[in-house]
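Note that these values count all heavy atoms, side chains included, but never hydrogens, waters or copies made by symmetry. The structure presented is a predicted model; accordingly, all values stated were derived computationally and were not measured.
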Amino acid sequence: MSGSQGFGAAAGSTQAGFETDLSTPRRRRAEDRSAEYQNDAKYQKYEQLVERSLQSFEYVNEWADVTAFLTKLGRAFSLYAQYPVIPHKATVGKRLAQCLNPALPPGVHQTALNIYAQLFAQMGSDQLSADLALYASGLLPFMRHASVTAKGRLLDIFEQHVVPLGSRLRACMKALVVGLLGALDEGAPDVVARVMHVLDMLRDSVDPAFFHQTLFLAIITHARAREAALTYLAQRMPELSTQEQLHTVCGEETGLLARALAAALGDSRSLVQRAALDVVLTRVPLRHSVLKPAEVVLVAGRAAGVVLRKDMALNRRLYAWLLGPGETDAEQAGYFAQYARQPLVEALLGGLAAEEERQAAVRVLIGLADRPAIAQPVLGALLVPLLRLLLAEDAVAVRMASAARMLVEMLDPAFAWTAVLAPLHNALQASGAPDTALVTRALRLALFFVQTFALDDEASMHVHMPQALLATLTALDALLGSAHSAEEGVSLAPGFARLAVELYARIPRASFAGDEGGQQVLRDVVCLAQKVCTRLARHLAQPDTAAGQRQQHGAEVALEDTCYVLHTAAAEADHTDDLHVRLADAAEPPEWAAALADAAQNARAFGAQRVALDTLLRFVERDALAPRVLLDALPLIVQALWSRLGGRNVRERSAAVRLLLRLRAVDAELVERRVAAEMNTSDEAEYATALAHVAALWRCLPPLQPQHIRDPPFARVLLLVLDHVDACDSLWREPWRQTLAQAWVDAAADMWTHVAAPLILLVLASVQPSEAGGWRRTRVAELNAGHLAQCYEFSGALDPARTAYLLDSLYRYLYTGHVDAMHEHVAGVLLNAWRAFSDLPPGSLSYAQLVGCVGVEVA
């Protein structure tokens, strides 16, 4: 490869990487000017001489040949110095640019610069202004790579020939500024001073506003020129304290300054960011407010991003700009609140709204935590938007959960709780009926805050959560009790109730048992929960309307959650509060209990009945409420539960059976009598329905417990069905009753052990002495086949007729029910027991013999 090709490639790459400006009219003017001398014979010789000199460049092989080429070219220009037009100027500019290749020795550079100076002097200002772009493509990129001596010569050329062009430099001002800024990277003080002086001359010769606009554009578009440009601004730009100064510096394009500062603050090099912070700190202080609000937001957002570098020098400058020149903490906090807080909050809000910037915005928030004077106000303003963002997008929540938890931990608990509950408070304070959408949104936010973050600090657990619980229940009670917002209150009740449950579940029980204040909070919680339960129960007990039907499920959920708070808080109060008024001795049932009893009877939805009855039973079972509140309404409640056994929902049927068992524990006689009354109907369809309910009851009954050995649940109903199987006296009057009862027994064959178990227990209970006495049990010894055996003899008021009836009922079930052959041996054993019992004389019976015949172990 020849030397000319190598230099050409280098020069071409340098030129391609540098930007110059030249308008088409100026280029045409230069071409027209050279055409004026085409008929001059001396100019033609001049042109031929220059052409021959340029052709010699094709044979350059080493740097000495470059020097010879430049000498020959310079001599050609000297011979015809009277012509202001340079022949073959495009080729001349290209060859001179190639001679400024940084790989060549400084001597070659010096010679090439001398030719540049010679040409500029020969051309004059008019022709130079037209052809400057042709020569600037070599001079300006060379500024960054030139030696100190070459820089001095290059700056001489600019001072003597380029800067005097004045306003005619507008077309290529950006290229000139970027080129000169490249010389500021040189550490020599004299070179820096001269470059600054040339830039000052350029600023004054064109227009200060236009010069600064060009400088700002250079910062925006040329990353390599940013540090030098910021150095110049830090030393030359005045402090912008008024709008007049801003317009003097920036002209009408004031936004260019903000964009330039934002570009520099977002640079990847810390030195550039440091220089940018120096400029904003000393030249654009926040207290002067010369920039537009949107521009301040842009600069503040980019400036806050420097905390991600964790560089103390950068952070110190940033905090000084945000907190102002005050010396005390109070002064700095006031300055920040007045000038910096709003722009910084808006900038970070914009970052959170942009998906690609969210992670960076959250990291900036974490980085600002080093300065509480900045972090607390900003985090407080951004906490709610951040929570809403996490709440709205699950994918974002997964990525940012740890960062969000860290932010919440940094906040003062009182500040965090105030910020989270403020939207709910503001939505409820609106005049008239509250905006359901706003309240729902605020409730979701508060619930998300409680459920997501570990609020385990002492202040949250012992102060803020109890107070939030009281405020939640108070707001719900007020909504339900207001005449103009009761309907909205019912629709909002599920959110309030769920928030109350979540808060109560996270409050440690020690908070209520400590001092009188904690006990008072617990009493207030119980009282408010009673009021809310009363209003919800009354609403659910009313006949359904179109609106009520839509709200039915929500009201049920709210009642369930509120009742949970009620009975758990009341149970806690029984243990921790000696002054708690117990309800068992009250003359009349309390209002809330009466409302729940009404809902248990009249609510259309089973969910409401279940919740209301379950709550009442909890109080009755722990003797905190007199049973008469249930006994008065027991027939209707049992009837309502009995009707649920005919539904298709298996879970509802199971729940209804469990509630019937719990009611039976309150008054077994009354419950079973009411259930049996459902069987005593003279209508065939009603009797068939009752049998279906009995089947559902028996299938949903849990296994028998020890407390049921003497009194199996609902055995009376079973015996009534078996009696109908063999009801000979009513066969001629109601033949369908026996047919239906027999069909029920046939259908129950697959669960014969479940049905036979209570019958067996009744048989055993009829011959086993009770603890209350009535007849005696004596242990005697008998000699049996040569062995001494022990058995019991019973004497006294034994009722053999009842025992015979029970055995007969068991026999009828096993044989009329067509029990599977694999169970016939059990039937035979029970039949033998019945026969053995029937042969015994009244008044004496061996209990051990009967037990052995039946084959059931009894303790």
(message) Main chain of Ala597, side chain of Gln601: is a donor-acceptor contact present, judged purely on distance under 3.5 Å?
(response) yes
(message) Does Arg498 qualify as a cation-pi partner of Phe496, given the criterion of NZ or CZ under 6.0 Å from the six-membered ring centre and within 45 degrees of its axis?
(response) no
(request) Side-chain contact test, heavy atoms from C-beta onward, threshold under 4.5 Å: evaluate it for Met461 versus Asp457 and give yes or no. (result) no
(request) Compute both the distance and the angle, then confirm whether Arg509 meets the cation-pi test with Tyr504: under 6.0 Å from the six-membered ring centre, within 45 degrees of the axis. (result) yes
(message) Under a 3.5 Å cutoff, is there a donor and acceptor pairing between the side chains of Gln273 and Arg309?
(response) yes
(request) Tell me, with the steps shown, if Leu256 and Ile220 meet side chain to side chain contact (heavy atoms under 4.5 Å, CB included). (result) CA-CA 9 Å; Leu256 284 176; Ile220 295 171; 4.2 Å; yes
(request) Check whether any side-chain heavy atom of Thr474 sits under 4.5 Å from a side-chain heavy atom of Asp524, and report yes or no. (result) no
(message) Is the shortest side-chain heavy-atom distance between Pro589 and Leu625 below 4.5 Å?
(response) no
(message) Given Leu348, which partner from the list Leu382, Leu379, Val297, Val362 fulfils the side-chain contact (heavy atoms from CB on, under 4.5 Å) test?
(response) Leu382
(request) May I ask you to decide if Leu352's main-chain N or O and Arg358's side chain share a donor-acceptor pair within less than 3.5 Å? (result) yes
(message) I need the minimum non-hydrogen distance between Gly305 and Val364, along with the two atoms involved.
(response) CA-CG2, 4.0 Å
(request) I would like to know whether Val439 and Asp435 meet side chain to side chain contact (heavy atoms under 4.5 Å, CB included); could you show each step before the answer? (result) CA-CA 6 Å; Val439 178; Asp435 189 333; 5.6 Å; no
(request) Compare every heavy atom of Leu473 with every heavy atom of Ala529, then report the nearest pair and how far apart it is. (result) N-CD1, 4.4 Å
(message) So that I can tick it off, tell me whether Glu560 and Arg610 are bridged by a salt bridge, with the cut-off set at under 4.0 angstrom between side-chain N and carboxylate O.
(response) yes
(request) Say whether, by atom type as modelled, one donor and one acceptor occur between the side chain of Glu295 and the main chain of Lys292 under 3.5 angstrom. (result) yes
(request) Give, for atom CD of Gln243 and atom OG1 of Thr254, the distance between the pair rounded to the nearest 0.5 Å. (result) 7.5 Å
(message) Pairing donors with acceptors under 3.5 angstrom, does anything connect the side chains of Gln609 and Arg644?
(response) yes
(message) Can you confirm whether more than 12 heavy atoms, excluding those of Arg662, are under 6.0 Å from its CZ atom?
(response) yes
(request) To the nearest 0.5 angstrom, please state how far the CG atom of Leu368 sits from the CG atom of Leu344. (result) 6.0 Å
(message) Donor-acceptor pair, distance only, cut-off 3.5 Å: does the side chain of Ser460 make one with the backbone of Asp456?
(response) no
(message) Does this structure show an ion pair linking Asp598 with Arg538, if we count only N-O contacts that are shorter than 4.0 Å?
(response) no
(message) Does any part of the side chain of Phe512, heavy atoms only, come nearer than 4.5 Å to the side chain of Gln519, both counted from C-beta?
(response) no
(message) What's the separation between atom CG in Leu443 and atom CG in Leu438, rounded to the nearest 0.5 Å?
(response) 11.0 Å
(message) Could you check whether any side-chain heavy atom of Leu630 comes within less than 4.5 Å of a side-chain heavy atom of Leu617, counting everything from C-beta outward?
(response) yes
(request) Inspect the surroundings of CZ in Arg506 and state if more than 12 heavy atoms from other residues, nucleotides or ligands are less than 6.0 Å away. (result) yes
(request) Dump the intermediate steps for side chain to side chain donor-acceptor pair (under 3.5 Å) on Thr615 and His567, then the final yes or no. (result) CA-CA 7 Å; Thr615 304; His567 69 72; 5.6 Å; no
(message) So, taking the atom named CG in Asn602 and the one named CG in Leu636, what distance separates them when rounded to the nearest 0.5 Å?
(response) 7.5 Å
(message) So which atom in Thr562 and which in Ala497 form the shortest heavy-atom distance, rounded to 0.1 Å?
(response) OG1-CB, 3.7 Å
(message) Does Lys531 form a side chain to side chain contact (heavy atoms under 4.5 Å, CB included) with Trp592? I'd like the steps, not just the answer.
(response) CA-CA 7 Å; Lys531 292 181 180 180; Trp592 62 269; over 6 Å; no
(request) For the pair Thr440 (side chain) and Thr436 (backbone), establish whether a donor and an acceptor sit closer than 3.5 Å, ignoring hydrogens and angles. (result) yes
(request) Could you tell me whether the side chain of Trp417 reaches within less than 4.5 Å of the side chain of Met465, counting heavy atoms only? (result) yes
(message) Looking at Glu488, is its backbone amide N or carbonyl O close enough to the side chain of Ser491 to form a donor-acceptor pair, meaning the two atoms are under 3.5 Å apart?
(response) yes
(message) Between Gln332 and Leu323 (side chain of the first, backbone of the second, donor and acceptor by atom type, cut-off under 3.5 Å), is there such a pair?
(response) no
(request) With the side chain counted from C-beta on, respond yes when Arg388 and Leu445 share a heavy-atom pair under 4.5 Å apart, and no when they do not. (result) yes
(request) Locate the shortest heavy-atom distance separating Ala446 from Leu421; write the atom from each residue and the value. (result) CB-CD2, 4.1 Å
(message) Could you go through Gln552 and Leu540, starting from their C-alpha distance and side-chain angles, then the distance that decides it, and tell me whether this counts as side chain to side chain contact (heavy atoms under 4.5 Å, CB included)?
(response) CA-CA 7 Å; Gln552 187 77 15; Leu540 290 168; 3.5 Å; yes
(request) Might you point out which heavy atoms bring Ala558 and Pro494 nearest each other, and give the distance in Å? (result) CB-N, 3.7 Å
(request) Find the distance between CD (Gln451) and CG (Leu503) and round it off to the nearest 0.5 Å. (result) 10.0 Å
(message) Can you tell me how far apart CZ (Phe448) and CD (Glu502) are? Round to the nearest 0.5 Å.
(response) 13.0 Å
(message) Minimum heavy-atom separation for Val306 and Leu265, please, with both atom names.
(response) CG1-O, 4.2 Å
(message) Measuring only between side-chain heavy atoms, which start at C-beta, is Phe619 closer than 4.5 Å to Leu566?
(response) yes
(message) Can you confirm whether or not the ring centre of Trp321 sits under 6.0 Å from the ring centre of Tyr335?
(response) no
(request) For the pair Phe453 and Phe449, name the ring-plane relationship: parallel under 30°, tilted 30 to 60°, perpendicular over 60°. (result) tilted
